[in-house]
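Structure record follows, encoded as C-alpha cells.
Only this structure's heavy atoms are used, side chains among them; waters, hydrogens and symmetry mates stay out. Residues take their numbers from the sequence shown, with the count starting at 1.
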Amino acid sequence: MRPLSLLFLTLFNSILGLSVLFPILGPLSRELGLSEVQVGLFSTGYALMQFILSPYWGQKSEAVGRKPILLLGIVGFAASFFLFAFFAWLGYQKVLLGGGLFGALLASRLLGGAFSSATLPTAQAYLADITPRDKRTQNFAVLGAAFGLGIIFGPAIGAGLAHFGLLVPVLFSAGLALLNAIFVWRALPESRKPETRLSKPPRLSWTDPRILPLLVVGLSINLASIAMEQTVAFLYQDRLSLGPAQTAQTVGLALVIFGIVGVLVQGVWVRRVRWPPRTLIGLGLPLLLLGYLGLVFAPNFGWLTLSLVLLGLGSLTNPGLAAAQSLAVSDDEQGAVAGLSSAVQALGRMLGPVVGTSLYGLSPAYPYIFSAALVGLALAFFLARPQLASQR
C-alpha cells in the first residue's frame with residue numbers, strides 16, 4: 001500500500017476509537033453517580049491537554065521522526081482508555097466513589113489528551129513530508145475524509161457495543177488503538193529520513209506573520225462548528241417539538257447526512273477539482289455562512305437538514321486551510337505548524353461547548369447567529385488579504 005493509504009487508515013482508526021466513546025460517556029457517568037458538569041470536564045480536560053501539548057509533539061517529530069511520535073501517541077491513547085475502563089469498573093464495584101472516582105477518571109482523560117495530541121499534528125506533518133507542494137491541497141483532503149468517516153462510524157459502533165455493557169465500547173477503543181499501533185509499527189514507513197532531522201528544530205511562534213492570519217481563520221471556523229454541534233440536537237427537538245427518542249433518531253439521521261456530505265466533498269471532490277487553497281477557502285466560507293444563517297431561520301426538518309448539507313459542503317475550507325498552513329512554512333517547520341494548527345482546533349473544542357450551550361440558554365437562535373458572525377468576520381478578513389493562502 002502507498003504511504004498515503006496507510007496514513008489514511010492510521011488516522012481513521014484513531015478517530016474511530018475516540019468517537020466510539022461519544023454515545024456512552026453520558027449514561028456511563030450517570031451510572032457511576034457523576035454529574036453533567038463532571039462529564040463536561042472530561043472533554044474540557046482532554047481538549048486542554050491537546051491545546052497545551054500539540055505544538056510540542058509536532059516540533060518533537062522534526063527531531064526524532066514522525067513514526068516514533070505517532071506510535072507514542074497511539075499507545076498512550078490505548079493506555080488511557082484501559083485506565084478509564086479500569087477506574088470505571090472500580091466505580092461499579094464501589095471501590096472508588098465520589099471525588100476519588102471522578103479524580104481517577106479525569107486523570108485518565110488528561111493522560112489520553114496528552115498522548116492523543118501527538119497523533120493529528122504528526123500525521124499532518126507526515127503527509128507534508130510525502131507530498132509535493134503542488135499536490136498538498138488534494139492530499140490534505142484525504143485526512144479530512146478519514147476524520148469524517150471515523151466520526152460517522154464510531155458513534156454507531158459505540159451505541160451497538162453498549163448493548164453488551166457500557167464498558168465494552170471503552171475496551172473496544174483501547175484494543176483498536178493497540179491494533180492500530182501494531183499496524184503503524186509494521187506497515188508505515190518513516191517519512192523523515194535521519195539526515196533530514198534536526199536536533200534543534202526551528203521554533204515557530206503563534207504570532208509568526210506567515211501563519212497567524214490562517215490560525216485566526218481556523219479558530220473562527222472551528223469555534224463556530226463546535227458551538228453548532230453542541231446545540232443542534234436541542235434545536236431539532238425544540239424547533240420540531242420532538243420527544244427524546246424522536247430527537248435521537250432525527251438528529252442522528254441529519255448528522256449522518258451532514259457527515260457523508262463532508263466526507264464526499266473532502267475525499268472525492270476536492271481531490272478531483274485540484275483547486276488551490278485560496279479558492280477552496282474562498283468558496284467554503286460563504287457556504288458555511290449560508291449554512292449557519294439557515295439554522296437561524298429554518299422552520300422544518302427539510303430546511304434544517306439542508307442547512308447542515310451546506311455546512312458539509314463548506315467543509316472544503318478544511319483541506320484548504322491545512323494546505324495553506326503547510327505551504328506557508330519551510331519543510332523543516334511542518335511538524336511545528338501542524339502542532340499549532342491542532343492546538344487551535346483543541347482551543348475551539350474547549351470553548352465551543354461552553355459558548356454554544358450558554359448562548360442557546362438565552363435564545364435558540366443565538367449560537368447560530370454567533371457562528372454566522374464568526375464565519376462572516378473570517379470571510380471579511382480573508383477577502384481583505386489577497387495574499388492570504390495564495391501559495392500553490
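- Annotation: salt bridge (Lys or Arg N to Asp or Glu O under 4.0 Å) contacts of Asp208 (sequence neighbours excluded): Arg210.
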Going by atom type alone, with no hydrogens or angles, which donor-acceptor pairs under 3.5 Å involve a side-chain atom of residues 215-223 and a protein atom two or more places apart or on another chain?
residue, atom, partner, partner atom, Å
Ser220, OG, Val216, O, 3.0

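- Around atom OH of Tyr56, no more than 12 heavy atoms belonging to other residues, nucleotides or ligands sit under 6.0 Å away.
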I would like to know whether Thr122 and Arg66 meet side chain to side chain donor-acceptor pair (under 3.5 Å); could you show each step before the answer?
-> CA-CA 6 Å; Thr122 309; Arg66 313 298 188 202; over 6 Å; no
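- Judged by distance alone, with hydrogens and angles left aside, the side-chain atoms of Ser358 form no donor-acceptor pair with the main-chain N or O of Val355 at under 3.5 Å.
- Applying the ring-ring contact (aromatic ring centres under 6.0 Å, His included) test to every pair with at least one member in residues 348-376, sequence neighbours left out, gives these pairs: Phe234-Tyr360.
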Per-pair distances, 0.1 Å, donor-acceptor, side chain in residues 138-148, under 3.5 Å, sequence neighbours excluded:
residue, atom, partner, partner atom, Å
Asn139, OD1, Arg271, NH1, 3.0
Asn139, ND2, Thr131, OG1, 3.1

Show every donor-acceptor pair shorter than 3.5 Å between a side-chain atom in residues 88-111 and any protein atom, with sequence neighbours excluded, or say none if there are none.
residue, atom, partner, partner atom, Å
Tyr92, OH, Glu31, OE1, 2.6
Ser108, OG, Leu105, O, 2.6

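- The CG atom of Leu283 sits 13.0 Å away from atom CZ of Arg278, with the distance rounded to the nearest 0.5 Å.
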Do Leu235 and Leu240 pass the side chain to side chain contact (heavy atoms under 4.5 Å, CB included) test, and can you show the C-alpha distance, the side-chain angles, and the key distance before you say yes or no?
-> CA-CA 8 Å; Leu235 182 69; Leu240 305 180; over 6 Å; no
Sequence neighbours excluded and cut-off under 3.5 Å, please list the side-chain donor-acceptor pairs for residues 42-55, or say none.
residue, atom, partner, partner atom, Å
Thr44, OG1, Gly40, O, 3.1
Tyr46, OH, Ser116, OG, 3.0
Gln50, OE1, Arg349, NH2, 2.6
Gln50, NE2, Ser116, OG, 3.1
Ser54, OG, Gln50, O, 2.7

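- Sequence neighbours left out, the pairs with a member in residues 294-305 that pass side chain to side chain donor-acceptor pair (under 3.5 Å) are Tyr236-Thr305.
- If you take CG on Leu285 and CG on Leu290, they are separated by 11.0 Å, rounding to the nearest 0.5 Å.
- No donor-acceptor distance shorter than 3.5 angstrom exists from the side chain of Ser342 to the backbone of Gly339, with no hydrogens or angles considered.
- At distances below 3.5 Å, at least one donor-acceptor pair connects side-chain atoms of Arg136 with backbone N or O atoms of Ala128.
- With hydrogens and angles ignored, the 3.5 Å screen pairs a side-chain donor or acceptor of Lys67 with a backbone N or O of Trp185.
- Of the inter-residue distances, the one linking Leu340 atom CG with Leu214 atom CG reads 11.5 Å to the nearest 0.5 angstrom.
- Residue Leu310 holds its CG atom at 9.0 Å from CG of Leu295, rounded to the nearest 0.5 Å.
- With 3.5 Å as the limit, one finds a donor-acceptor pair spanning the side chains of Ser330 and Glu333.
- With sequence neighbours excluded, the residues satisfying ring pair (Phe, Tyr, Trp, His ring centres under 6.0 Å) with Phe81 are Phe77.
- Checking Gln325 against Ser341 by side-chain atom types alone, a donor-acceptor pair falls below 3.5 Å.
- Between the side chain of Ser363 and the backbone N or O of Leu359 there is no donor-acceptor pair closer than 3.5 Å.
- The shortest side-chain heavy-atom distance between Phe84 and Leu28 falls under the 4.5 Å cut-off.
- The line from CG of Leu11 to CG of Leu6 is 13.0 Å long, rounded to the nearest 0.5 Å.
- Among residues two or more places apart in sequence or in another chain, the side-chain contact (heavy atoms from CB on, under 4.5 Å) test is passed with Ala79 by none.
- Screening residues 6-28 for side chain to side chain donor-acceptor pair (under 3.5 Å) gives Asn13-Asn180, Ser14-Asn180 as the qualifying pairs, with residues at least two apart or on separate chains.
- No side-chain donor-acceptor contact under 3.5 Å links Trp275 to the backbone of Gly320.
- One finds a salt bridge joining Asp331 and Arg133 here, because a Lys/Arg side-chain nitrogen approaches an Asp/Glu carboxylate oxygen to under 4.0 Å.
- Counted by atom type alone, Ser326 and Gln124 present zero donor-acceptor pairs between their side chains at under 3.5 Å.
- Cluster partners of Leu178 are Phe82, Leu171, counting Ile, Leu, Val, Met, Phe, Trp and Tyr whose side-chain heavy atoms approach within less than 4.5 Å, directly or via other members.
- Val354 belongs to no hydrophobic cluster, as no Ile, Leu, Val, Met, Phe, Trp or Tyr side chain comes under 4.5 Å of its own.
- Here the side chains of Thr137 and Pro276 are not in contact, with every heavy-atom distance at 4.5 Å or above.
- Inter-residue side-chain proximity for Trp269 and Leu316 is flagged as met; some heavy-atom pair is nearer than 4.5 Å.
- Looking at heavy atoms from C-beta onward, Leu127 lies in side-chain contact with Ile130 at the 4.5 angstrom threshold.
- Annotation: side chain of Leu9 is not in contact with side chain of Leu188 (no heavy-atom distance under 4.5 Å).
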